[in-house]
Amino acid sequence: MSFTIYVRMKKPGKGMSRDLEPTPFVLDKKPETLRELLTGLTEVGVRDFNARKDEGQLLPFLTKEEIAGQALRGKVAFGVHGGEAAEPKKAVANTLQCFEDGIYRVFAGDEELTELEGEILWKEELVFTLVRLTMLAG
């Protein structure tokens with residue numbers, strides 16, 4: 001049984017104030033904890049990355065619609081071409097370590113999720129927001 005969730009991904013900066021459209025993600029099951037949510041999202045990302053990494057075009061191009069859609073998500077790119085396949089276990093470990101290190105924060109609606117084993121309180125039309133924090137170098 002699959003379960004669809006909606007996620008907004010943001011990073012602080014000039015574009016932070018605009019409202020990004022939530023992106024649907026289909027997970028294998030409904031996550032009960034933040035750890036399950038992050039693991040499920042990472043597994044979907046790895047699966048999608050590995051599926052598209054070798055689909056490159058000889059002369060890549062983007063339509064106006066593709067550029068607009070990618071701009072709403074915060075990044076415009078031609079995609080991934082070639083390279084090594086991502087390893088799901090390593091990717092999940094990296095995702096969880098980055099959360100523990102404070103590289104990004106996760107919100108369920110307006111509530112920040114701070115504990116990996118913390119239970120997700122599901123509400124109608126819940127949208128998750130992931131905010132990547134940028135580190136200052138001096």
Side-chain angles (χ1 to χ4, degrees):
M1 181 173 97
S2 62
F3 187 78
T4 302
I5 64 166
Y6 293 87
V7 179
R8 284 188 185 99
M9 291 175 262
K10 299 181 178 186
K11 67 178 182 178
K14 292 180 184 176
M16 181 73 171
S17 61
R18 74 175 183 266
D19 193 26
L20 298 175
E21 286 298 314
T23 302
F25 288 86
V26 179
L27 305 179
D28 294 334
K29 66 176 192 146
K30 181 179 181 179
E32 299 299 327
T33 65
L34 177 57
R35 179 182 302 274
E36 289 178 7
L37 172 71
L38 295 176
T39 298
L41 287 171
T42 302
E43 289 170 347
V44 168
V46 167
R47 195 168 36 240
D48 290 351
F49 172 87
N50 287 339
R52 73 175 185 266
K53 73 178 189 59
D54 293 323
E55 291 180 357
Q57 300 170 349
L58 229 46
L59 297 172
F61 65 92
L62 297 174
T63 65
K64 288 181 183 180
E65 293 81 16
E66 289 171 317
I67 291 170
Q70 288 186 30
L72 282 175
R73 290 192 300 272
K75 180 180 179 183
V76 178
F78 286 114
V80 180
H81 306 289
E84 294 184 25
E87 296 180 32
K89 287 183 181 181
K90 285 184 180 180
V92 168
N94 186 54
T95 296
L96 298 175
Q97 186 64 55
C98 287
F99 176 79
E100 290 174 341
D101 290 347
I103 304 297
Y104 63 93
R105 293 192 173 164
V106 181
F107 295 85
D110 294 331
E111 293 288 322
E112 183 175 4
L113 303 177
T114 59
E115 300 292 326
L116 285 173
E117 301 309 327
E119 184 180 347
I120 296 173
L121 302 175
W122 288 94
K123 303 174 201 167
E124 192 80 20
E125 298 183 26
L126 181 63
V127 174
F128 294 93
T129 304
L130 278 68
V131 180
R132 185 177 79 191
L133 304 175
T134 55
M135 303 301 163
L136 299 175

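Keep in mind that this is a model prediction, so the values were computed, not measured.
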field: Heavy-atom pair of closest approach, residues Ile120 and Pro31
entry: CD1-O, 4.0 Å

field: Gap separating the CE atom of Met9 from the OG1 atom of Thr23, nearest 0.5 angstrom
entry: 5.0 Å

query: Roughly how far apart are Phe25 CZ and Leu37 CG, rounded to 0.5 Å?
result: 10.0 Å

Pair Leu41-Ile5, side chain to side chain contact (heavy atoms under 4.5 Å, CB included): steps then yes or no: CA-CA 9 Å; Leu41 287 171; Ile5 64 166; 3.7 Å; yes

- prompt: Are Leu27 and Val44 close enough, and set up right, to give a side chain to side chain contact (heavy atoms under 4.5 Å, CB included), and what steps lead you there?
  reply: CA-CA 7 Å; Leu27 305 179; Val44 168; 3.8 Å; yes

query: With sequence neighbours excluded, what pairs up with Glu36 under the salt bridge (Lys or Arg N to Asp or Glu O under 4.0 Å) test?
result: Lys29

task: Please name the pair of heavy atoms, one in Pro88 and one in Val46, separated by the smallest distance, quoted to 0.1 Å.
output: CG-CG1, 3.9 Å

- prompt: CD of Glu32 to CD of Glu117: how many Å apart, nearest 0.5 Å?
  reply: 12.5 Å

message: Pair Glu115, Leu34 - check side chain to side chain contact (heavy atoms under 4.5 Å, CB included), show working.
response: CA-CA 7 Å; Glu115 300 292 326; Leu34 177 57; over 6 Å; no

- request: Take atom CD of Glu112 as the centre, draw a 6.0 Å sphere, and report whether it contains more than 12 heavy atoms from other residues, nucleotides or ligands.
  value: yes

statement: Rounded to the nearest 0.5 angstrom, the CD1-OG1 distance for Ile103 and Thr95 is 12.0 Å

task: Only counting residues at least two apart or in another chain, list the ones meeting ring-ring contact (aromatic ring centres under 6.0 Å, His included) with Tyr104.
output: Phe99

- request: Could you state whether Val127 and Phe107 fall into the same hydrophobic cluster, counting links through intermediate Ile, Leu, Val, Met, Phe, Trp or Tyr residues with side-chain heavy atoms under 4.5 angstrom apart?
  value: no

- prompt: Which pair of non-hydrogen atoms, one from Val106 and one from Leu130, has the smallest distance, and what is that distance?
  reply: CG2-CG, 4.2 Å

- request: Give, for atom CG of Leu38 and atom CG of Asn94, the distance between the pair rounded to the nearest 0.5 Å.
  value: 11.5 Å

task: Check whether any side-chain heavy atom of Arg105 lies under 4.5 Å from a side-chain heavy atom of Leu133, and answer yes or no.
output: yes

- request: Only counting residues at least two apart or in another chain, list the ones meeting ring-ring contact (aromatic ring centres under 6.0 Å, His included) with Phe3.
  value: Trp122

message: Is it the case that the side chain of Asn50 and the backbone of Ala85 share a donor-acceptor pair, with hydrogens and angles ignored and the cut-off at 3.5 Å?
response: no

- request: Look up atom CG in Leu121 and atom CD in Glu119, then write down how far apart they are to the nearest 0.5 Å.
  value: 5.5 Å

